[in-house]
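Every number for a ligand or one of its atoms is a count from 1 in the order of the listing. Note that these values count all heavy atoms, side chains included, but never hydrogens, waters or copies made by symmetry.
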Amino acid sequence: MNILLIGSGGRESAFAWKIAQSPRLKNLYIAPGNAGTKSYGMNVAISETDFEAIKNFVLEKKIDLVLIGPEAPLVKGIHDYFLADEKLKTIPVIGPKKDGAQLEGSKDFSKQFMQRHQIPTARYQTFTKETLEKGFDFLESLKPPYVLKADGLAAGKGVVILTSLAEAKTELNEMLANAKFGNASAKVVIEEFLSGQELSVFVLTDGTSYKLLPAAKDYKRIGEGDTGPNTGGMGAISPVPFADVEFLKKVEERIIGPTLKGLKQEGILYKGFIFIGLMNVGGEPYVIEYNCRMGDPETEVVLPRIKSDILELLEGVGKGNLSSKHFETDERIVMTVMLVSGGYPGDYEKGKIIKGLDKVEGSIVFQAGTKEEGAQIVTNGGRIMAISSYGATLEEVRKKCLKNAEVITYDEKFYRKDIGLDL
Ligand code: AMP
Ligand code: GLY
């Protein structure tokens, strides 16, 4: 098969690594990719939302399947674009159409969807500029902390959690009246705060049947002990000890089943990954959010734990016969530690020379914000690379990740040393 993978992060490096292992692969192209994806396929200088350039490339290279990594092309309608084109419509796109991508693209849509299908989630209300005063009233009816969510995509910054009522009111005003997140905060969801342990569950579906992928825990804050501002994710681990058989059974019965049934009932044909952010509140699962893609850095621990051929599975999604495909997971623990640029998630510099990649032993490096500059590999973003390791114990995997995190060098390197310590 000829595969086109869209995206450029650590998630896409992990997909490329996994796809490259498939005996069914002929050519793998990554658009635009990073300095690391080049070792698994060919990078193509096409932006992830340039649909016309993607179309021309797909036809020229006789691509058999397109896998979409990030949410932006999905929310913008890349799958719909393929279906509407005579020449492209038979080529499977892995990732939902615009309608399904709304699960991530609009928090208001996803909350209403959960309500319609009795899927457990925090109590909420949605407000606009016109109903700002009602928003203040609703805040007054809640106990702190206050959770405010911009409705649309806001580069992972659209959720604000505040402890004082006055701050929450100011923030609501900023989002609605002063368009803090532009059009993304034209609507704001205010919801009850859920207290518990967070984890991510991943589903691959062909619209009818599904495979439950290994669950993972992401470490979102920049600082050790979960302190400081939120990031895209500083590390991850799979499996998650508290996501035991009993808990996952509740997740399948109360959340995954109703989600897939709900999509079907609403006429939304969903082919792709669903990432369900969950809170374990005293043993009961609640949905915090849906994403219409895999997580990053969760993919860097989830894919290494899948033994089955990923192209078999993706082909099953495209053809609608996923239920007939073999699915097997690896029992070992996988941890990933993300190396980032100094200053991230705030301002940081790019172009730092990376050394030591050839000295890594016993871990897999999934590059993210990297690019080639002549013979050098240099930093090109906030999150630089994910270092993933297999092992039998948490201690063993952490040791391997941290040893290799030391081996890699670049100016102002930063990473968390406490991934998995809380477990
Ligand atoms: P999101 O962008 O929806 O993933 O939200 C970012 C983070 O905010 C989540 O990963 C949670 O840690 C936190 N969060 C979101 N909603 C809630 C909630 N209702 N209660 C507690 N924490 C929340
Ligand atoms: N790691 C969280 C995300 O991918 O949204």
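- Looking from atom 1 (P) of ligand 1 to the surrounding protein, the closest heavy atom is Glu289 OE1, 3.4 Å.
- Residue, atom and distance of the protein heavy atom nearest to atom 23 (C) of ligand 1 are Ile161 CD1, 3.9 Å.
- Residues in residues 156-202 take part in these ring-ring contact (aromatic ring centres under 6.0 Å, His included) pairs, two or more places apart or across chains: Phe202-Phe275.
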* Test side chain to side chain contact (heavy atoms under 4.5 Å, CB included) on Lys352 and Lys413 and set out the steps. => CA-CA 9 Å; Lys352 313 283 187 199; Lys413 176 182 73 177; over 6 Å; no

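- The side chain to side chain contact (heavy atoms under 4.5 Å, CB included) test with Tyr270 is passed by exactly one of Thr208, Val317, Leu263: Leu263.
- Ranking the protein heavy atoms by distance from atom 20 (N) of ligand 1 puts Leu194 N, 2.8 Å first.
- Every atom of ligand 1 is numbered from 1 in the order shown, and the set under 4.0 Å from a heavy atom of Val147 is 16 (N), 17 (C), 18 (C).
- Both cation-pi conditions hold for Lys417 and Tyr415: the charged atom is under 6.0 angstrom from the six-membered ring centre and inside a 45 degree cone around its axis.
- Near Gly232, with a cut-off below 4.0 Å to any heavy atom, the atoms of ligand 2 are 1 (N), 2 (C).
- Ligand 1 has no N or O atom lying under 3.5 Å from any N or O atom of Asn230, backbone or side chain.
- Ion pair Glu191/Lys107 not flagged as a salt bridge, since none of the NZ, NE, NH1 or NH2 atoms sits closer than 4.0 Å to an Asp/Glu carboxylate oxygen.
- At a heavy-atom cutoff of 4.0 Å, ligand 1 is contacted by the backbone of Glu192 but not by its side chain.
- The contact set between ligand 1 and Lys149, taken as ligand atoms under 4.0 Å from a residue heavy atom, comprises 3 (O), 15 (C), 16 (N).
- The shortest N/O to N/O separation between Asp296 and ligand 2 falls below 3.5 Å.
- Within the 4.0 Å heavy-atom cutoff, Gly233 does not count among the residues contacting ligand 2.
- Proximity of the aromatic rings of Phe414 and Tyr344 is defined here by a centroid distance below 6.0 angstrom, and this criterion is not met.
- Note that CD1 of Ile364 and OG of Ser389 are 8.0 Å apart. Values are rounded to the nearest 0.5 Å.
- Atom 18 (C) of ligand 1 has its closest protein heavy atom at Glu191 OE2, 3.6 Å.
- A heavy-atom separation below 4.0 Å is not found between Asp218 and ligand 1.
- Summarising the contacts of atom 5 (O) of ligand 2 with Arg293, Met338, Glu298, the nearest heavy atom is found in Arg293.
- Which parts of ligand 1 touch Ile288 is read off a 4.0 Å heavy-atom cut-off, strictly below it: atoms 15 (C), 16 (N).
- Panel note: side chain Asn291, backbone Arg293; no donor-acceptor pair is recorded below 3.5 Å.
- Distances below 4.0 Å separate heavy atoms of Gly295 from the following atoms of ligand 2: 4 (O).
- A cation-pi arrangement is not found for Lys325 relative to Phe327, the charged atom failing to lie both closer than 6.0 Å to the ring centre and inside a 45° cone about the ring normal.
- Across Val160, Val159, Val281, heavy-atom proximity to atom 5 (O) of ligand 1 is greatest for Val159.
- A heavy-atom distance below 4.5 Å is not found between the side chains of Tyr81 and Ile54.
- No donor-acceptor distance shorter than 3.5 angstrom exists from the side chain of Thr299 to the backbone of Arg11, with no hydrogens or angles considered.
- Near Phe275, meaning under 4.0 Å from any of its heavy atoms, are these atoms of ligand 2: 3 (C), 4 (O), 5 (O).
- A salt bridge is absent between Glu174 and Lys180; no separation between the charged side-chain nitrogens and carboxylate oxygens falls under 4.0 Å.
- Residue Glu198 holds the heavy atom nearest to atom 10 (O) of ligand 1 of all those in Arg221, Met279, Glu198.
- Close contacts of ligand 1 with Lys220, meaning ligand atoms under 4.0 Å from a residue heavy atom, involve 10 (O).
- Ligand-side atoms of ligand 2 in range of Asp218: 1 (N), 2 (C), range being under 4.0 angstrom from any heavy atom.
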